[in-house]
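Per chain, numbering begins at 1; letters A, B, ... match sequence-line order.
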Amino acid sequence: MEKAALGKNYRVHLSSFEGPLDLLLYLIKEAKIDIKDIFVSEVTKQYLKYMEDIGDLDMEKASEFLEIAATLLEIKSNSLLPKLEEIFPEQEDPAQKMIRQLEEYKLFKELSEKLRELETVDRYYRVADDSAFAPKVVLKDMRLDDLLDAFSRLLVKVERKKRDMEEPREIYKDPFTVDEKIEFIRSSLAERRTMSFFEFFDENATKDELIATFQALLELIKEQFLTVCQKAIFGDIILTIREGSAIG
Amino acid sequence: MDNLENVLEAILFLAGDAVEVKEMAEKLGVSKEEILKAVEKLLQKYGGGSGIQILSFNGKLQFSSNAAYAPQIEVVLNPIKERELSRAMLEVAAIIAYKQPITRLEIEEIRGVNSEYVIMMLLRHNLIQVVGRKNTVGKPLLYATTDKFLKRFQLSSLEDLPDFDEVMERIKVLAPKEPPRDLFAREEQISEKEEIPDFLKGEENIEMIN
Amino acid sequence: MDNLENVLEAILFLAGDAVEVKEMAEKLGVSKEEILKAVEKLLQKYGGGSGIQILSFNGKLQFSSNAAYAPQIEVVLNPIKERELSRAMLEVAAIIAYKQPITRLEIEEIRGVNSEYVIMMLLRHNLIQVVGRKNTVGKPLLYATTDKFLKRFQLSSLEDLPDFDEVMERIKVLAPKEPPRDLFAREEQISEKEEIPDFLKGEENIEMIN
């Protein structure tokens, strides 16, 4: 009723349309015509009339509406000219193109309304349990030979240490440099991937050696060659080589 | 495995997320048929007004709560509620659903308006995803719908989209008839193979993004 | 509320955690008795070998997966990640194999480094186990190898471990100039000698754990 009272001047506000095609479809529906009859109807004129409100839109939206307005005007003026022989017959006629575009857009507008009926926002899903999807670590095949090797090396190491203890130790100028220690830590970690922090600090080491080792570790952490993890206060510190770190 | 339905029930419960039927069959050492048989039994258990429901989509299974009890669930658990999609989002989602994989430009040609923001919002809601790049000038991104899209619209697969077969036909008829402006565009090269539906055509051209 | 069991089912499914009966009754506007009646019905639905089970404790209700299916759940939901036994792990495993039962301190005395983490890793992978406590100050735990250790190294028993001669051969290759002296000579005579080797001495002192 109210709509009728407003008479011919009543217009849906331009900003309530999704875009120019949406407006055209609305006008076609109001005119109760087929899309294909758009250019033999008043729709183009009505569309242009809507452009009077174009100032209400922002620049980008406005230009989208005006672009279609220009196309409509072009189609209209072409239809007034005597038909020329088509030079490019394969080129789609702008009027046909516009009709096709409107039909396609209308199809998707209808489909989106059908989707709206299917849409459900009232279903909820469970959050996965903590245990789910956590990788299970298994150990690769083990070779007795590796076990024997590790054990033998350990025995040699223990033996050497024992000899060193027995032999008179000479106190000499500390030969340890940070660079050397970096090299040592690098090669140890490259081989074993993960080591205990304390493994690098021999109890017989001199104070200078301990400092060199510590500086080397700091340097490697800075270079992001390794990561450091301590599970408990005063607990062991685990050094792990970063995946992808250059080994050398 | 004679208690397979119980095992599936436990797995789907713990997973929360969707689990692939194929993967479960492989890892449990049973056939896909056996799984589907077990699912039949579960569908009975969780049929009717059950508070839990089984969703089946894209070869996957997932438990969800029954939408009918959303008000009570919301009273007790206060979960984050999804809002219905805006008209523009729904429009773009529909275009992507039927024409995937599709570029932003192709979407905008259909709608006649810039759709960047809407696409971004759909991406953020995980309803669409980037599946590759189209092999044309500028290598634009290609968008497709996600499993979450299927779930939200209660579809078990894309073929379940409303009027799927007719729409696919219509889309073919409505395809632009003018010759491609860019002779190197892919559309031209695959246009000979008529039988492939449009939305699948793109697949050959996708350079997968990890 | 005539479908209360369905509502509860949906709520417990989503909550994951335990939910108080009292809270649900209040928020849903029903009596505690009504809830308990509905739970009775759910107990039937989730009885027997069901993959989901209802736990009721301390005035709370909770859904959980049925532990009976843990092996199958793990196969499907927990991807396997392979890891190599590190040098440190091999070292400690070897020491334990040859000198079991042995305490952490004893292992560390041989290696000269803290071995807590390595022992923890070996325990986690079931390659070693705690077999008792040594009857000394602090009653430290005693470690020994497991059947899994034997299986993984393809040994039928601990006697199959390479003997002293093999170890010495290996050492000669590793350190030709410094053949070890008597340090580990005892290893060989484990059983015959009247002198009880270190690693067996402990046995009398072990208080077995279970």
Stepwise side chain to side chain contact (heavy atoms under 4.5 Å, CB included) test for C/Leu14 and A/Tyr125:
CA-CA 7 Å; C/Leu14 279 180; A/Tyr125 304 93; 5.6 Å; no
Intermediate values then yes/no, side chain to side chain contact (heavy atoms under 4.5 Å, CB included), A/Phe151 and C/Glu91
CA-CA 6 Å; A/Phe151 191 53; C/Glu91 238 177 65; over 6 Å; no
Step by step, work out the side chain to side chain contact (heavy atoms under 4.5 Å, CB included) result for A/Leu154 and C/Ile110.
CA-CA 8 Å; A/Leu154 178 70; C/Ile110 296 170; 3.9 Å; yes
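The number of heavy atoms from other shown groups lying within 6.0 Å of CG (C/Asp147) does not exceed 12. Around atom NZ of C/Lys45, more than 12 heavy atoms belonging to other residues, nucleotides or ligands sit under 6.0 Å away. For A/Phe184, the CZ atom counts as loosely surrounded, since its 6.0 Å shell holds 12 or fewer non-hydrogen atoms of other residues, nucleotides or ligands. Dense packing is recorded around NZ of C/Lys148, with more than 12 heavy atoms of other residues, nucleotides or ligands lying under 6.0 Å away.
Side-chain contact check for A/Ser152 versus C/Val167: some heavy-atom pair is nearer than 4.5 Å. In this structure, the side chains of C/Phe149 and A/Leu147 come closer than 4.5 Å at one or more pairs of heavy atoms. Taking the side chain as every heavy atom from C-beta outward, A/Arg153 and C/Arg87 approach each other to under 4.5 Å. Under the 4.5 Å side-chain criterion, counting only non-hydrogen atoms from C-beta, A/Leu148 is in contact with C/Pro162.
For the pair C/Asn78 (side chain) and A/Pro135 (backbone), a donor-acceptor distance under 3.5 Å is absent.
The greatest number of non-hydrogen atom pairs below 4.5 Å with chain A, out of C/Ala94, C/Gly16, C/Ala88, is found for C/Ala94. Residue with the most contacts toward chain A among C/Gln154, C/Glu166, C/Glu82: C/Glu82 (heavy-atom pairs, distance under 4.5 Å).
For a residue to count as touching a neighbouring chain, one of its non-hydrogen atoms must lie under 4.5 Å from one of that chain's; by this rule C/Glu74 touches chain A with the side chain only. A/Arg143 touches chain C through its backbone: at least one of N, CA, C or O sits under 4.5 Å from a heavy atom, while the side chain does not. Looking at C/Phe63, there are no atoms closer than 4.5 Å to chain A (heavy atoms on both sides), in backbone or side chain. Residue C/Leu127 touches chain A through its side chain alone, counting heavy-atom pairs closer than 4.5 Å.
Here the straight-line distance linking atom CG of A/Asp129 with atom CG of C/Leu77 works out to 9.0 Å at 0.5 Å rounding. With rounding to the nearest 0.5 angstrom, the CG atom of A/Asp145 is 11.0 Å from the CZ atom of C/Phe153. Here the OG1 atom belonging to A/Thr194 is positioned 6.0 Å from the CZ atom belonging to C/Arg83, to the nearest 0.5 angstrom.
Nearest heavy atoms, C/Pro79 versus A/Ala134: CD-O, 3.8 Å.
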